[in-house]
Structure formats: structure tokens, C-alpha cells
Amino acid sequence: QLQVVESGGGLVQPGGSLTLSCVASGLALDYYNIGWFRQAPGKEREGVSCISISGKTHYTDSAKGRFTISRDNPKSTVWLKMSSLKPDDTGVYYCAAALFLPCSVYEGIDWFEADSWGQGTQVTVSS
């Protein structure tokens with residue numbers, strides 16, 4: 001079974017940048033759509049971005065123009081490069097891998113049943 005592990009979180013000032021990594025193991029990443037999600041304190045988990053097996057990318061409105069998702073299948077890694085960070089971007093960021101769930105529905109509840117979820121990495125945007 002595919003497993004994913006996130007890293008790269010930390011404390012950053014408003015306007016700063018961070019790049020999160022999602023590293024997969026167990027099975028080839030090539031066949032999985034990968035989504036990034038975040039959960040802010042007291043709020044529900046929400047979709048941030050998704051990249052399909054073909055490389056097509058999806059972004060939530062708040063991430064468009066600021067975040068970039070990319071993947072390198074031979075390296076079994078998906079990155080989420082975040083720039084112009086705002087305090088509202090604070091939260092625990094998770095990546096999830098889905099064999100049959102398309103990125104077109106990553107902002108819905110279907111992805112709660114993704115094949116694999118990581119443990120999350122904390123991102124704090126504060127001065």
C-alpha cells in the first residue's frame with residue numbers, strides 16, 4: 001500500500017515562502033492523484049491543491065497565484081511551493097494519495113476516503 005509523509009512546515013513571516021514535500025513509499029507514485037489539504041485551528045479540513053497523474057493541476061481560489069504544486073514520479077515526491085503567505089494560511093497541511101478519486105472532486109468529501117493520508121506538517125504564518 002502507498003504511504004505518504006509530509007515535511008517542510010515551519011514558522012514563517014507574512015509574505016514569506018515555504019515548500020512542503022510529500023514523499024511516497026510502498027508503491028509507485030505514478031498511478032496516484034495527489035492532493036494537499038490543510039486544517040486551521042477550529043476549522044474543518046479543506047482542499048488546497050491537487051495534481052493528477054497526467055500532471056494537471058488544481059488550486060482552490062485562495063491558493064491560485066500563490067501556490068504551485070508539482071510532482072516528480074521517479075523521486076516519489078510531490079511539492080507544494082507556497083509564497084506570499086498570509087496568517088490565514090496557518091494550519092496543519094496534509095497530503096493524500098488517491099488511486100481512483102479524480103482531482104476534480106478534491107475539494108469535496110470524497111477525498112476523505114483517499115487511499116493514504118500523511119500525518120501532516122504544521123505551517124504557522126505569523127510576525
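- Side-chain atoms of T77 come within 3.5 Å of backbone N or O of K75 as a donor-acceptor pair.
- Listed here is the closest heavy atom pair of L2 and L27: CD1-O, 3.1 Å.
- No donor-acceptor pair under 3.5 Å is formed between the side chain of T121 and the backbone N or O of S7.
- Note: S62 OG to K86 NZ = 7.5 Å, rounded to the nearest 0.5 Å.
- The two residues D72 and P74 come nearest to each other via the heavy atoms OD1-CD, 2.9 Å.
- In the hydrophobic clustering of ILVMFWY residues, with side-chain heavy atoms under 4.5 Å counting as a link, V48 and V125 come out together.
- Proximity of V78 to S70: side-chain heavy atoms (C-beta onward) are nowhere separated by under 4.5 Å.
- A donor-acceptor pair shorter than 3.5 Å can be found between the side chains of S52 and S54.
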| Could you walk me through whether T19 and L80 pass the side-chain contact (heavy atoms from CB on, under 4.5 Å) check? | CA-CA 6 Å; T19 298; L80 183 69; over 6 Å; no

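- For the atom pair D89 CG and S83 OG, the distance stands at 9.5 Å (nearest 0.5 Å).
- Annotation: cation-pi geometry satisfied between R45 and W117 (NZ/CZ under 6.0 angstrom from ring centroid, within 45° of ring axis).
- Using a 4.0 Å cut-off between charged nitrogen and carboxylate oxygen, D61 and K64 count as a salt-bridge pair.
- No side-chain heavy atom of L11 sits under 4.5 Å from any side-chain heavy atom of Q122.
- W36 approaches L20 most closely through the heavy-atom pair CH2-CB, 3.6 Å.
- Looking at S116, its side chain never comes within 3.5 Å of a backbone N or O of A97 through a donor-acceptor pair.
- When every heavy atom of T60 is checked against every heavy atom of E107, the shortest pair comes out as OG1-OE2, 3.0 Å.
- Judged by distance alone, the side chain of E46 and the main-chain N or O of F37 form no donor-acceptor pair under 3.5 Å.
- Hydrophobic clustering (side-chain heavy atoms under 4.5 Å, transitive across Ile, Leu, Val, Met, Phe, Trp, Tyr) keeps I51 apart from V23.
- By the 6.0 Å and 45° rule, R38 does not stack over the aromatic ring of Y94.
- Using modelled atom types, no side-chain atom of R71 and backbone atom of S76 make a donor-acceptor pair closer than 3.5 Å.
- The shortest side-chain heavy-atom distance between L101 and Y106 does not fall under the 4.5 Å cut-off.
- Side-chain contact check for L85 versus F67: some heavy-atom pair is nearer than 4.5 Å.
- Cluster annotation: W111 and F100 are assigned to distinct hydrophobic clusters (Ile/Leu/Val/Met/Phe/Trp/Tyr, side-chain heavy-atom contacts under 4.5 Å, transitive).
- Taking all atoms of both residues into account, the shortest heavy-atom contact from A96 to A114 is CB-CB, 4.0 Å.
- With a 4.5 Å cut-off on side-chain heavy atoms, L18 and V123 count as touching.
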| request: Mind running side-chain contact (heavy atoms from CB on, under 4.5 Å) on N33 and I53 for me, showing each step along the way? | output: CA-CA 5 Å; N33 298 315; I53 59 175; 3.7 Å; yes

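- Contact check for C95 versus E6: side-chain heavy atoms found under the 4.5 Å cut-off.
- The shortest non-hydrogen separation linking L99 to Y32 is N-CD2, 3.6 Å.
- When side chains are defined from C-beta on, I69 does not count as touching H58, because their heavy atoms never get closer than 4.5 Å.
- With rounding to the nearest 0.5 angstrom, the CG atom of D110 is 9.5 Å from the OG atom of S104.
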